[in-house]
Amino acid sequence: MLSVRLASCKGDIQAAQKLRWDVFCAERGARLDHGPIGLDADPFDDVCDHLLVEDLVSGVPVVVGTYRLLRESIAQKHGGFYTAGEYVLESFPRSTDPNSELLELGRSCVAPAYRDAGTIQLLWRGIATYLERHRISMMFGCASFHGVDPDDHADTLSYLYHNHLAPPHLRARALDRRHVEMARLPIGGYDPRLAMRKLPPLIKGYLRVGAMVGDGAVIDEPFNTVDVFMVMPVASISARYLGRFGAVA
């Protein structure tokens, strides 16, 4: 039996940090020099909300999926967004409605044995509830390809740039010192259907709900990834997806 909720204490956050370390470091080869051994911990954890999917079968909740959520109002009080370390956000649109705000999504991961539709749906149900509760107008963040050689992902990066590039007013650009060209192959130089099938599941999921990409990829050596900027205006998310995920108390 799985359930979803927000972390409510330090122990909950440490459980999410342990899962993140298991997935990012032990499984995917990240080499992190922040936080204690066995935990992926950084200063943003103290100000973010942490969405948890837990397995309750044993009677002792075990965190098997997590997302880190940072609202605009919180980021403004605590030094900004994590994504600003990779992308220029100064011109990125801020909320004009005082009753709504932006949401940064990050640190998404699921334990290997739970990578199925049920777990992903619970994470998105939790996000749907959060969107409604905090009147979120737009979500954004980085999504990743495994490995640090962008040429290994030339077709998929090119596909994203040619088919899912955000309009100029939503198109965050990678910092100049970190900018990696996404359009590595010309249109016609790769099979778009094959490239679409090769996309990481998280990016596919974002695209299904209407996400778009920014300008430029970024190599994240410590996490052993190539990152792309994703932006999702909540108003444009297909009603059928909101209906499927629904809101939970």
Side-chain angles (χ1 to χ4, degrees), residues 20 24 28 30 42 44 48 67-72 74-76 79-95 101-109 123-124 127 130-131 136-185 192 195-196 198-237:
R20 285 161 24 188
F24 299 145
R28 298 180 183 170
D42 70 17
F44 285 90
C48 290
Y67 247 110
R68 191 166 78 175
L69 312 176
L70 180 57
R71 301 196 311 276
E72 179 181 9
I74 304 301
Q76 288 174 340
F81 290 109
Y82 178 87
T83 307
E86 296 189 0
Y87 287 85
V88 178
L89 299 181
E90 282 78 7
S91 61
F92 199 65
R94 295 299 192 262
S95 302
E101 56 184 323
L102 309 181
L103 176 66
E104 181 185 64
L105 302 176
R107 290 299 206 275
S108 171
C109 66
L123 283 170
W124 276 99
I127 290 172
Y130 198 90
L131 297 180
I136 302 299
S137 60
M138 185 159 55
M139 299 180 287
F140 70 94
C142 291
S144 302
F145 293 85
H146 184 65
V148 294
D149 186 348
D151 287 329
D152 288 343
H153 311 290
D155 56 346
T156 47
L157 290 172
S158 300
Y159 168 82
L160 289 174
Y161 187 86
H162 291 143
N163 295 277
H164 297 282
L165 188 65
H169 69 288
L170 296 179
R171 193 184 303 165
R173 178 179 169 82
L175 298 172
D176 287 343
R177 62 185 171 81
R178 306 192 69 179
H179 186 280
V180 172
E181 180 62 48
M182 292 178 66
R184 310 188 76 74
L185 299 172
M196 182 174 61
K198 290 168 60 178
L199 288 170
L202 181 63
I203 294 179
K204 285 182 183 177
Y206 286 159
L207 295 179
R208 288 190 191 104
V209 299
M212 299 165 285
V213 300
D215 179 8
V218 170
I219 296 173
D220 188 338
E221 293 278 359
F223 275 93
N224 192 31
T225 59
V226 174
D227 297 344
V228 293
F229 182 88
M230 310 289 295
V231 57
M232 293 161 275
V234 172
S236 68
I237 295 178

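Predicted, not measured: the structure shown is a model, and the values here were computed from it. Side chains included, hydrogens not; waters and symmetry mates left out as well; all remaining heavy atoms used.
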- Taking atom NZ of K204 and atom CZ of R208, what is their separation to the nearest 0.5 Å? 6.5 Å
- Full working for side chain to side chain contact (heavy atoms under 4.5 Å, CB included) between M139 and L131: CA-CA 9 Å; M139 299 180 287; L131 297 180; 3.6 Å; yes
- Sub-4.5 Å side-chain heavy-atom contact between V226 and V218: no
- Message: Could you check whether any side-chain N or O of T83 sits under 3.5 Å from a backbone N or O of G141, counting only pairs where one atom can act as donor and the other as acceptor?
- Response: no
- Query: Would M196 and L207 count as a side chain to side chain contact (heavy atoms under 4.5 Å, CB included) if you check the C-alpha gap in whole Å, the side-chain angles of each, and the deciding distance to 0.1 Å?
  - Reply: CA-CA 10 Å; M196 182 174 61; L207 295 179; 5.9 Å; no
- Tell me, do I136 and E101 make a side-chain contact under 4.5 Å, heavy atoms counted? yes
- Task: Please work out whether the ring planes of F229 and F92 are parallel, tilted or perpendicular, with thresholds of 30° and 60°.
- Result: perpendicular
- Item | Non-hydrogen side-chain atoms of D220 and S144 separated by less than 4.5 Å | no
- Message: Using a 3.5 Å distance criterion without hydrogens, assess whether the side chain of Y87 forms a donor-acceptor pair with backbone atoms of G216.
- Response: yes
- Message: Taking the ring of Y130 and the ring of Y67, is the distance between their centroids below 6.0 Å?
- Response: no
- Message: With side chain to side chain contact (heavy atoms under 4.5 Å, CB included) as the criterion, how do L199 and L160 come out once you've worked through the C-alpha distance, each side chain's angles and the decisive distance to 0.1 Å?
- Response: CA-CA 9 Å; L199 288 170; L160 289 174; 4.0 Å; yes
- Query: How far apart are the C-alpha atoms of R171 and V231, what are their side-chain angles, what is the distance that settles it, and do they pass the side chain to side chain contact (heavy atoms under 4.5 Å, CB included) test?
  - Reply: CA-CA 8 Å; R171 193 184 303 165; V231 57; over 6 Å; no
- Query: Any side-chain heavy atom of T225 within less than 4.5 Å of one from V148?
  - Reply: no
- Would a 4.5 Å heavy-atom cut-off, applied to side chains only, mark M138 and P93 as touching? yes
- Between F145 and I203, is any pair of side-chain heavy atoms under 4.5 Å apart? yes
- Message: Are the side chains of M230 and L202 in contact, using a 4.5 Å heavy-atom criterion?
- Response: no
- Query: Just checking, is any N or O donor in the side chain of R28 or H146 under 3.5 Å from an acceptor N or O on the other one?
  - Reply: no
- Using a 4.5 Å cut-off on heavy atoms from C-beta on, say whether the side chain of P150 contacts that of L157. yes
- Note on the structure: Rounding to 0.5 Å, atoms NE2 (H179) and CD1 (I219) come to a distance of 12.0 Å
- A195: partners by side chain to side chain contact (heavy atoms under 4.5 Å, CB included), with sequence neighbours left out: D155, T156, Y159, Y190
- Residues D42 and R68 bridged, charged N to O under 4.0 Å: yes
- Does any N or O in the side chain of E104 come within less than 3.5 Å of the main-chain N or O of Y82, such that one atom is a donor and the other an acceptor? yes
- Message: If you compare all heavy atoms of G85 against all heavy atoms of R177, which two are closest, and at what distance to 0.1 Å?
- Response: O-NH2, 4.3 Å
